[in-house]
Amino acid sequence: MKELRSGSVKSLLSKISSSVGPFLVVLGISLFFAVTTPSFLTLSNFLALGHSASLYVLMAMGLSYVLISGGTDLSAGSVVGLCGVICALMMRNYSISVALSVAIALICGVVCGLINGLLATKLGLVPFIATLGTQWVFRGICNLLGSGSAVSVRDSANPALADQFYQIGGGKLFSIPVPIYIFVCCAILLSFLLKKTVFGRDLYAVGSNSEAARLSGIDVFKTKLIAYIICDTMAALAGIVLAARLVSGQTSSGMSYEFEGIFAAVIGGVSLSGGEGTILGAVIGAFVVAVLRNGLNLNGVSSFWQQVILGILIIVAVYIDARRVKNQKAKTAMIRK
Amino acid sequence: MDCLLRTSNITKTFPGVKALEDVSIDVYPGEVHALLGENGAGKSTLMKILNGAYQPDSGDIYIRGEKARIDNPHEAQKLGISIVYQEFNLCDHISIANNIFLGRMKSNMGIIDDKWLYTESRKLLDRIGLNRDPREQVRSLSVAEKQMVEIAKALSYNADVIVFDEPTSSLTEKEIAQLFEIIKKLRNAGKGIFYISHRLEELASIADRVTVLRDGKHIATYNYSDVTIEMLIRLMVGRSLTDKFPQEKRTIGETYFTAKNLRRKGFVDVDGLSLRRGEILGIAGLVGAGRTETMRLIFGADKADAPMEIRLDNRNLAIHSPKQAIANGIVYLTEDRKGNGLALSLDVEKNINMASHHEIARKYVVRTKLAQGNARRFVDTLSIKTPSIFQKTQFLSGGNQQKVILARWLCRQCKVLIIDEPTRGIDVGAKYEIYKLMNYLSAQGIGIIMISSELPEILGMSDRVLVFCEGRIAVELDIKEANQEIILRYAAGVSNT
């Protein structure tokens with residue numbers, strides 16, 4: 001009973017440290033930027049940070065579901081672009097209302113997830129390869145739909161739509177950007193789904209040992225499929241928010257977002273081998289990415305160097321993840337002795 | 001005669017655990033020295049020290065009377081110490097010969113001397129009597145043959161001291177006999193052999209001396225002729241087990257479960273089997289006789305070639321998936337704990353409740369308190385040794401892991417319990433507890449089907465025995481008419497008497 005009664009603040013702290021503990025190096029780097037940049041510690045910068053983090057948070061949370069299930073989704077970035085373009089197209093070409101356009105874009109995300117999930121489960125393809133393929137397919141469709149350029153909602157027959165649409169990505173409520181509300185709501189929902197529901201339990205079991213899960217009566221196929229659907233729906237949502245901020249669907253938007261999402265998830269303690277991770281961790285990881293980006297920008301580091309630095313950090317993060325698995329094995333051997 | 005290898009007062013500590021304390025053992029040329037102990041007694045640590053994988057905190061190792069320092073496995077090989085591991089270190093996709101001489105190939109300017117490789121390998125295989133072409137890929141070999149390749153590898157180093165780490169745990173009785181022949185041959189050739197094992201029965205045919213370790217301490221060393229099995233058990237567990245199998249009178253009810261027409265091409269060809277309430281039905285047979293495959297059919301884990309007829313409590317069941325089997329009260333406890341039993345990266349609580357996700361939830365929302373209470377109850381009643389229910393199961397010992405899986409099925413209120421190798425790889429004390437649990441369950445009227453490759457277990461626990469041979473039931477025996485000899489004869493397919 002002891003572990004139940006411990007204070008919630010304390011348990012939250014210990015949860016955070018247990019999930020991101022190994023990644024203190026990366027956190028340290030982020031803090032370095034925070035301290036060395038004068039404009040970093042300002043309220044406006046913090047809100048900007050939350051604003052830009054919101055996209056990473058949405059990506060990281062969705063990808064966490066797939067990673068926990070033992071899979072991966074490299075097409076998520078393309079889904080961002082595709083669904084953003086579709087959402088903008090609906091409004092520009094058909095003057096469909098914002099709500100309906102958003103709904104259609106989200107449904108496209110669901111379909112993308114369904115396709116990825118079926119490829120990875122029913123066809124039994126390696127998720128890495130299957131989603132590498134759909135990454136191209138989705139991006140290609142996105143380019144076809146947008147004819148390779150931006151789809152601006154301002155060109156719509158109903159110009160009022162553009163202003164309404166902008167609210168989703170750039171609007172403010174009580175002086176807090178709307179995307180922050182969106183990701184907070186999603187985080188609460190997804191965290192609850194993962195921790196407190198039958199599906200969440202199934203997901204961890206499937207990711208940790210899918211055959212053991214099957215022999216325990218869990219529907220492995222359904223569970224994995226839902227994980228992919230959630231992932232790509234979140235990617236679609238990110239695409240909508242991004243398109244709304246620019247009031248146009250860009251065919252190139254969301255490129256490499258899957259990497260930032262996976263990076264954030266891994267930093268937040270989601271295991272690349274499945275069965276481990278939390279939404280809280282993914283959110284923290286996403287903020288680390290945002291802080292890094294933000295700090296690098298404020299320090300005037302060129303976007304090319306940012307690529308180099310983020311690439312190196314991804315390798316470091318994956319290395320740490322691999323080491324963690326190895327250490328656990330060594331610890332196991334030791335305890336068994 | 002000079003002592004080949006001697007350790008003197010070896011101590012090794014890990015954070016929080018004293019793995020070895022003042023352990024001194026030795027081995028002479030031409031003897032088999034058995035090392036016994038429960039899991040966690042320090043056998044493996046000692047072996048890893050001999051192998052150079054660990055360094056002792058204090059104490060010395062003497063090889064042929066000279067003090068030696070073993071820094072790494074390579075050093076150990078040079079000093080003439082070889083270890084045949086329980087889990088093989090072979091590469092499946094390359095040939096036998098290449099496996100034996102991996103990394104030590106004779107070559108001419110980088111080009112491997114194939115002729116030398118295959119003649120040398122042939123010689124080694126002949127020495128241990130493995131009748132296989134050294135060019136064959138290792139993956140086509142049986143478990144026993146793989147082990148023989150490991151032994152050949154050990155011999156290729158010209159090792160004087162060979163350590164066998166539980167070599168028989170995955171072998172059939174026949175293969176064990178073969179292995180013992182090889183070990184005896186090695187002994188007669190003047191090698192010193194350390195033999196680590198859980199199976200006390202088999203020691204009688206090979207051990208010359210026996211040492212018992214317990215909690216990292218050296219308990220006793222005897223000439224094998226001076227000890228009895230009961231004595232060894234007492235020394236190993238530090239308490240007296242009245243018997244290895246708890247004897248309880250079982251009340252057996254009517255037949256309530258039948259499975260007919262179980263077919264899977266190449267694996268299973270069974271007309272039918274039945275189970276009575278409160279009965280333990282032992283399933284004996286050699287490895288590969290289709291025992292596990294038959295049970296997996298009943299459980300819906302594999303697809304049957306023809307429709308099965310499964311009746312439970314006078315109802316016909318259609319079983320196409322484990323989910324359906326579980327829903328009907330038929331559960332299957334796998335033989336492969338780590339492969340398809342436990343979710344090792346998840347904690348005890350999640351593993352225990354893994355088959356009950358809908359039972360611990362109200363409308364898809366998990367009731368955390370109920371789930372945790374469930375787990376705590378089983379941790380208590382099965383006395384699972386774990387710091388908390390939030391411990392990851394990978395950190396538990398084999399016996400406790402087995403109990404966690406058992407708990408997973410006990411919370412489902414099953415009617416038919418199928419247990420595959422219930423005590424594989426777990427120590428004597430934990431075995432006894434598992435047996436008691438099985439007795440307790442059968443007293444509740446649950447029928448248990450127990451697959452086991454350990455004949456004493458089959459004979460000690462079952463009420464009735466089915467012997468499998470090549471996918472079929474070779475014979476059904478009442479426990480009163482069963483003995484090791486009969487079972488082995490039917491299992492090997494030589495039943496014409």
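To find a chain, count down the sequence lines: A is the first, B the second, and so on, and within it residues start at 1.
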Assert top hit (heavy-atom pairs under 4.5 Å, partner chain B, pool A/T197, A/L215, A/V206, A/D219) equals A/L215
Most contact-rich option vs chain B, by heavy-atom pairs under 4.5 angstrom, among A/G217, A/G207, A/G274, A/S216, is A/S216
Below 4.5 Å, heavy-atom pairs only: which of B/T334, B/L342, B/V331, B/I405 has the largest tally toward chain A? B/L342
Tell me, yes or no, whether the heavy-atom count around B/Q55 atom CD, taken from other residues, nucleotides or ligands under 6.0 Å, exceeds 12. yes
Under 4.5 Å from a heavy atom of chain B, the part of A/I218 involved: side chain
Winner by heavy-atom pair count (cut-off under 4.5 Å) against chain A, out of B/Q324, B/R367, B/R408: B/R408
Do B/I360 and A/R201 have side-chain heavy atoms sitting under 4.5 Å apart? yes
Counting only heavy atoms closer than 4.5 Å, note whether B/A371 contacts chain A via side chain, backbone, both or neither. side chain
Determine the minimum heavy-atom distance between A/E276 and B/S345, stating which atoms define it. OE1-CB, 4.0 Å
Should we say atom CZ of A/F259 is surrounded by more than 12 heavy atoms from elsewhere, each under 6.0 Å from it? no
Which atoms of B/L346 come close to chain A, meaning under 4.5 Å heavy atom to heavy atom: side chain ones, backbone ones, both, or neither? both
Distance, nearest 0.5 Å, that separates OG of A/S208 from CE of B/M354: 7.0 Å
Apply the side-chain contact (heavy atoms from CB on, under 4.5 Å) test between A/V198 and each candidate in B/E359, B/R362, B/K363, B/H357; give the one that qualifies. B/H357
Applying a strict 4.5 Å limit to non-hydrogen atoms, the region of B/R296 in contact with chain A is side chain
